[in-house]
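To keep things clear, I will list the structure first and then write my remarks on it.
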Amino acid sequence: MFFKKISINVESVSINGIKVVVFDDYDSLSRAVCDRVIDRINAKPDLVLSLPTGGTPFELYCLLIESYKQGLVSFSQVRFFQLDEYLGLSKDDPNSYYYYLNRYLFDHVDIRRENIFSFNGLTDDPDKESILYENQLTRMGPLDLVVLGIGTNGHVAFNEPGSYPFCRTRQIRLEESTIQANLRFFSNGSPMPHSALTMGLGNILEAKEVFLLANGSGKAEAIIKTLHGPNTESVPASFLQRHPNTTFFLDRESGLFVS
Ligand code: F6R
C-alpha cells in the first residue's frame, strides 16, 4: 500500500517563551507530533528520547507504528528513557507503564531492548533505583527530545505540585486528582499504587527539546496556568517557560483560552 506522509504546517505563536500550536482536532495534533518525532529520529538515529504514557499519546503511537511499517522511520538506534513508573508494579503487570509502552509502541517497532532504560517498579530501594537511572542518563544524555502529557493539576511526568526545577529522578507520592484520573486505566480491579518513580523537572529542563501534548477541555485550565501563569511549584509545567526549546501541541479544546 502506498503511504504518503502528510505534513501539517501550522503557525506557532510564542507565549512566555513557549511555542504553541493549536490544531483543529486530536488527529491533526497527533499527526503533527508524529511528523516531528520522525524528523528528529531521522536527523539523529541514536536520539535519546523519552515518551509519555496515558491517554493523550495513543494516536501518536498508532501513527509512529504505521510510519515504521511504511519504512519512514527506524528505532533501531534510538535510546529510550522511561519518564515514570508506578512503584509496586512489575514490568509484566498490565497496569505498569513499561507494559503500556511495549503494548502500544515498542512491541511493534525495531527498538532494541538493550536501548530501553526503564525503572524497576518493584524496587525496595527507590532512592537507589533513582540514582541508577540518573547515572545511566548522565552516561547517555542529555535527552535530545522529551515528549510530555500534562495532568489536570499541571504535573509533567509525575512531577506533582510541589516539584521544583532542581528536582531530579525520585520517588513521588501521587496526588488524589492524579489517582482519580488514572484509575480509568486500572480496569482489572487491581489496586492503584499511590507512589511512583519519576524523571525530575530538572532532567526535563536539561533536554534539548520538549514537546507537550494536550487534548480535551479537561486540560484547558492547566494549559492556561502553565502558559500565562507565574513559574510556580503549584503548577510544575509552568517551569517549562524557562526551557529554550519547548513546543506545546494543543487541540482547540485544550487550547481554548490560548490567545
Ligand atoms: C505518563 C505521564 C503523565 C501523563 C499525564 C496525562 O507517563 O507522564 O504526566 O502524561 O498524567 O495523562 P493523560 O494523557 O492520560 O491525560
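Ser74 places none of its side-chain heavy atoms less than 4.5 Å from the side chain of Gln77. Annotation: side chain of Val147 is in contact with side chain of Leu213 (closest heavy-atom distance under 4.5 Å). A 4.5 Å side-chain heavy-atom check between Val48 and Leu145 finds every atom pair outside the cut-off. Phe75 has its side chain out of reach of Asn115: every pair of non-hydrogen atoms, C-beta onward, lies at least 4.5 Å apart. Leu89 is listed as a side-chain neighbour of Pro193, based on a closest heavy-atom distance under 4.5 Å. Two residues are said to be in side-chain contact when any heavy atoms from C-beta on lie closer than 4.5 Å; His155 and Thr178 meet this criterion. Residues Phe119 and Phe81 form no side-chain contact, since every pair of their non-hydrogen atoms from C-beta on lies 4.5 Å or further apart. Considering only heavy atoms from C-beta on, Val258 stays 4.5 Å or farther from Leu256 through its side chain.
Annotation for Ser238 and Lys225: closest pair CB-O, 4.4 Å, computed over non-hydrogen atoms. The shortest heavy-atom contact between Thr56 and Lys219 is OG1-NZ, 3.8 Å. Contact between Ala214 and Ile223 at its shortest, heavy atoms only, is CB-CD1, 3.8 Å. Of all heavy-atom pairs spanning Pro52 and Leu101, the tightest one is O-CD2, 4.2 Å. Contact detail for Val210 and Leu240: the closest heavy-atom pair is CG1-CD2, 4.2 Å. Here the closest heavy-atom approach between residue Gly154 and residue Ala222 is recorded as N-CB, 4.2 Å.
Side chain of Glu59 to backbone of Ser30: no donor-acceptor contact under 3.5 angstrom is found. Remark: side-chain polar atoms of Gln82 are paired, donor with acceptor, to backbone N or O of Asp84 under 3.5 angstrom. Proximity of a side-chain donor or acceptor of Ser12 to a complementary backbone N or O of Val21 within less than 3.5 Å is not detected. Checking side-chain atoms of Tyr100 against main-chain N and O of Pro94 turns up no donor-acceptor pair under 3.5 Å. Within the 3.5 Å criterion, the main-chain N or O of Thr246 finds no donor-acceptor partner in the side chain of Glu209. The backbone N or O of Asp39 lies less than 3.5 Å from no partner atom in the side chain of Asn42, so there is not a single donor-acceptor pair. The closest donor-acceptor contact from the side chain of Asp251 to the backbone of Gly216 lies under 3.5 Å. Thr138 contributes a side-chain N or O that, together with a main-chain N or O of Glu134, makes up a donor-acceptor pair within less than 3.5 Å.
You'll find the ring centres of Phe248 and Phe211 outside the 6.0 Å limit. Between Phe158 and Tyr86, the distance from one ring center to the other falls under 6.0 angstrom. Here the two rings, on Tyr61 and Tyr104, have centers that are 6.0 Å apart or farther.
Taking SG from Cys34 and CG from Leu29, the interatomic distance works out to 11.5 Å, rounded to the nearest 0.5 Å. Annotation: the span from Thr226 atom OG1 to Ile150 atom CD1 amounts to 3.5 Å, rounded to 0.5 Å. Expressed to the nearest 0.5 Å, how far OG of Ser254 lies from CG of Leu212 amounts to 9.0 Å. Atom CG of Leu105 sits about 12.0 Å away from atom OG1 of Thr53, to the nearest 0.5 Å. We find the CD-CG distance between Gln241 and Leu205 to be 11.0 Å, quoted to the nearest 0.5 Å. In this structure, CD1 on Ile41 lies 10.0 Å from OG on Ser76, to the nearest 0.5 angstrom.
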Next item on the list: Could you check Arg36 against Phe249 for side chain to side chain contact (heavy atoms under 4.5 Å, CB included), going step by step and ending with a plain yes or no?
Entry: CA-CA 11 Å; Arg36 283 164 182 77; Phe249 298 82; 3.4 Å; yes

Note to self: One pair to check against side chain to side chain contact (heavy atoms under 4.5 Å, CB included): Tyr98 and Asn102. What are the steps and the verdict?
What the structure shows: CA-CA 6 Å; Tyr98 184 80; Asn102 282 322; 3.0 Å; yes

Check: Can you check salt bridge (charged side-chain N to carboxylate O under 4.0 Å, His left out) on Arg113 and Asp107, steps first, answer last?
Finding: CA-CA 10 Å; Arg113 293 285 144 184; Asp107 285 350; 3.2 Å; yes

Next item on the list: Check the pair Arg170, Asn159 against side chain to side chain donor-acceptor pair (under 3.5 Å), reporting the backbone distance first and the verdict last.
Entry: CA-CA 9 Å; Arg170 69 203 182 288; Asn159 290 279; 3.0 Å; yes

Notebook entry, point to check: What's the verdict on side chain to side chain contact (heavy atoms under 4.5 Å, CB included) for Leu148 and Leu83, showing C-alpha distance, side-chain angles and the deciding distance?
Noted result: CA-CA 9 Å; Leu148 300 168; Leu83 258 190; 3.9 Å; yes

Notebook entry, point to check: Does the side chain to side chain contact (heavy atoms under 4.5 Å, CB included) test come out yes or no for Thr198 and Thr169, once each step is laid out?
Noted result: CA-CA 6 Å; Thr198 185; Thr169 306; over 6 Å; no

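Val235 and Ile204 end up in different hydrophobic clusters when Ile, Leu, Val, Met, Phe, Trp and Tyr side chains are linked at under 4.5 Å. Residues Leu143 and Leu132 do not share a hydrophobic cluster, clusters being chains of Ile/Leu/Val/Met/Phe/Trp/Tyr side chains in contact below 4.5 Å. Both Val13 and Val22 sit in one connected hydrophobic cluster of ILVMFWY residues. Membership requires side-chain heavy atoms under 4.5 Å apart, directly or through other members. Put simply, Tyr99 and Leu197 are part of two different groups of oily side chains (I, L, V, M, F, W, Y) that touch within less than 4.5 Å, one to the next. Connection of Phe185 to Met192 is established within a shared hydrophobic cluster, with ILVMFWY side chains joined at heavy-atom distances below 4.5 Å, either directly or through further cluster members.
Heavy-atom contacts from other residues, nucleotides or ligands closer than 6.0 Å to NZ of Lys19 number more than 12. Applying the 6.0 Å contact sphere to CD of Glu221 captures no more than 12 heavy atoms from other residues, nucleotides or ligands.
With 3.5 Å as the limit, one finds no donor-acceptor pair spanning the side chains of Asp127 and Ser130. Ser90 and Asp92 share a side-chain donor-acceptor pair at under 3.5 Å. A side-chain N or O of Lys91 and one of Ser118 form a donor-acceptor pair less than 3.5 Å apart. If you check the side chains of Asn120 and Glu85, you find no donor sitting under 3.5 Å from an acceptor. Side chains of Gln180 and Glu176: a donor on one and an acceptor on the other come within 3.5 Å.
A salt bridge links Glu206 to Arg168: one of the charged nitrogens lies within less than 4.0 Å of a carboxylate oxygen. Using a 4.0 Å cut-off between charged side-chain N and carboxylate O, Arg173 and Glu160 make no salt bridge. The pair Asp144-Arg40 does not meet the salt-bridge criterion, since no charged nitrogen lies less than 4.0 angstrom from a carboxylate oxygen.
For Asp46, the salt bridge (charged side-chain N to carboxylate O under 4.0 Å, His left out) partners are Lys44, Arg79, not counting sequence neighbours.
Phe166 shares a hydrophobic cluster with Tyr164; the chain of contacts runs through ILVMFWY side chains whose heavy atoms sit under 4.5 Å apart.
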